Asks: 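Pasting in a structure now, in structure tokens, and then I'll have a few things to ask.
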Amino acid sequence: MIQSCPAKEAELNILALVGSPRLGGNTNFLVDQALEEAAKLGAQTEKIILSEYTVAPCLGHDDCGSYKSCVQKDDTSWILDKFCEADGVILATPVYYYNVSAQLKAFMDRNYFLYMHNRKSKAKAVGIIVVAESQGIEDTVHTLKRYINESFNVPKDKILELHGYAYELGEAKNDPQLVERAREFGRKMVKSLTEK
Ligand SMILES: Cc1cc2nc3c(=O)[nH]c(=O)nc-3n(C[C@H](O)[C@H](O)[C@H](O)COP(=O)(O)O)c2cc1C
């Protein structure tokens, strides 16, 4: 007798896009803490460090809505596909001159292709991680929230934030409260993706 397999429960996947080029830096460290906690709760996680790929700045063709794919053939298109398909997305950046890093800004601008095709990420929750030495967090969060408003369909209560202060390479590791807030952020990401 043929038995049908029980339906496998769909796994949650969380994609983190990191705008810091410092591999052992504070942003990467905090993202790793959050993703580790999310993985412990069963999420499939992936981290893309944007500086490891070619994500060229938008060239501003206003006619890109009439093209099947962006005229710039670099890594952005497959990253955008993952971004559209992820259940949860984390956008992480150090503060560079009171705003997101150039790496993350280039990625954000390349979303224009999606915008011109009426496409948005299907993510149900979005996380923001911002690290600064001392100032500019508010402006950076503001920029990210405006962008999230354009590129996702998520209610305000599904936008999670983590910000902290750190400067030297790896300094965030020595701030136990910040580390715990990053872990809690990872757990909250999973919670907000699983609760109705
Ligand atoms: C180009 C550049 C610009 C920066 N601008 C600011 C800034 O406007 N405000 C601030 O508080 N820190 C600023 N910083 C410091 C970084 O935000 C801080 O060192 C952060 O911890 C770096 O994160 P990371 O270790 O993940 O790369 C800047 C650093 C660089 C390299």
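Each ligand, and each atom within it, is numbered from 1 in the order the structure gives. What you are looking at is a predicted structure, and each value in this text was computed from that prediction instead of being measured.
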Asks: Considering all heavy atoms of both residues, which atom of Ile137 and which atom of Gly164 are nearest to each other, and what is their separation?
Replies: CD1-O, 3.7 Å
Asks: Output the distance between atom NZ (Lys124) and atom CE (Met189), rounded to the nearest 0.5 Å.
Replies: 12.5 Å
Asks: Is there a salt bridge (charged side-chain N to carboxylate O under 4.0 Å, His left out) between Glu180 and Arg187 once you walk through the steps?
Replies: CA-CA 11 Å; Glu180 182 43 39; Arg187 294 190 286 270; 2.6 Å; yes
Asks: Hydrophobic clusters here meaning ILVMFWY residues chained together by side-chain heavy-atom distances under 4.5 Å, can you tell me if Leu160 and Leu30 are in one?
Replies: yes
Asks: Tell me: protein heavy atom nearest atom 23 (O) of ligand 1, and distance?
Replies: Pro94 CB, 3.3 Å
Asks: Among all protein non-hydrogen atoms, which one is nearest to atom 5 (N) of ligand 1, and what is the separation to 0.1 Å?
Replies: Tyr97 N, 2.9 Å
Asks: Identify the closest protein heavy atom to atom 16 (C) of ligand 1: which residue and atom is it, and at what distance?
Replies: Val95 O, 3.7 Å
Asks: From the options Arg22, Gln135, Glu133, select the one whose nearest heavy atom is closest to atom 9 (N) of ligand 1.
Replies: Gln135
Asks: So which protein heavy atom does atom 31 (C) of ligand 1 come closest to, and at what separation?
Replies: Tyr96 CE1, 3.6 Å
Asks: Which of the atoms of ligand 1 are close to Ser134, meaning less than 4.0 Å from one of its heavy atoms?
Replies: 10 (C), 11 (O)
Asks: Can you tell me which residue and heavy atom of the protein come closest to atom 27 (O) of ligand 1, and the distance to 0.1 Å?
Replies: Ser20 OG, 2.8 Å
Asks: Tell me the contacting part of Ala132 for ligand 1: side chain, backbone, both, or neither, using a 4.0 Å heavy-atom threshold, strictly below.
Replies: both
Asks: Find all atoms of ligand 1 within a distance of less than 4.0 Å from any non-hydrogen atom belonging to Val131, and give their numbers and elements.
Replies: 17 (O), 21 (O)
Asks: Has Lys156 got more than 12 heavy atoms of other residues, nucleotides or ligands less than 6.0 Å from its NZ?
Replies: no
Asks: Can you tell me the protein heavy atom closest to atom 21 (O) of ligand 1 and the distance?
Replies: Ala166 O, 2.7 Å
Asks: Does any non-hydrogen side-chain atom of Leu15 lie less than 4.5 Å from one of Glu46?
Replies: yes
Asks: Specify whether His117 and Phe113 have parallel, tilted or perpendicular ring planes, treating 30° as the upper limit for parallel and 60° as the lower limit for perpendicular.
Replies: tilted
Asks: Relative to the heavy atoms of Gly25, which atoms of ligand 1 are at a distance of less than 4.0 Å?
Replies: 25 (O), 26 (O)
Asks: Ignoring hydrogens, what is the shortest heavy-atom contact between Leu114 and Cys84? Give both atom names and the distance.
Replies: CD1-SG, 3.6 Å
Asks: Could you check atom 26 (O) of ligand 1 against the protein and tell me its nearest heavy-atom contact, residue, atom and distance included?
Replies: Thr27 OG1, 2.6 Å
Asks: Using a 4.0 Å cut-off to any heavy atom of Asn26, which atoms of ligand 1 qualify?
Replies: 21 (O), 24 (P), 25 (O), 26 (O)
Asks: Distance check, rounded to the nearest 0.5 Å: Ser101 atom OG versus Arg22 atom CZ?
Replies: 12.0 Å
Asks: Who's the nearest protein heavy-atom neighbour of atom 8 (O) of ligand 1, and how far?
Replies: Tyr98 N, 2.9 Å
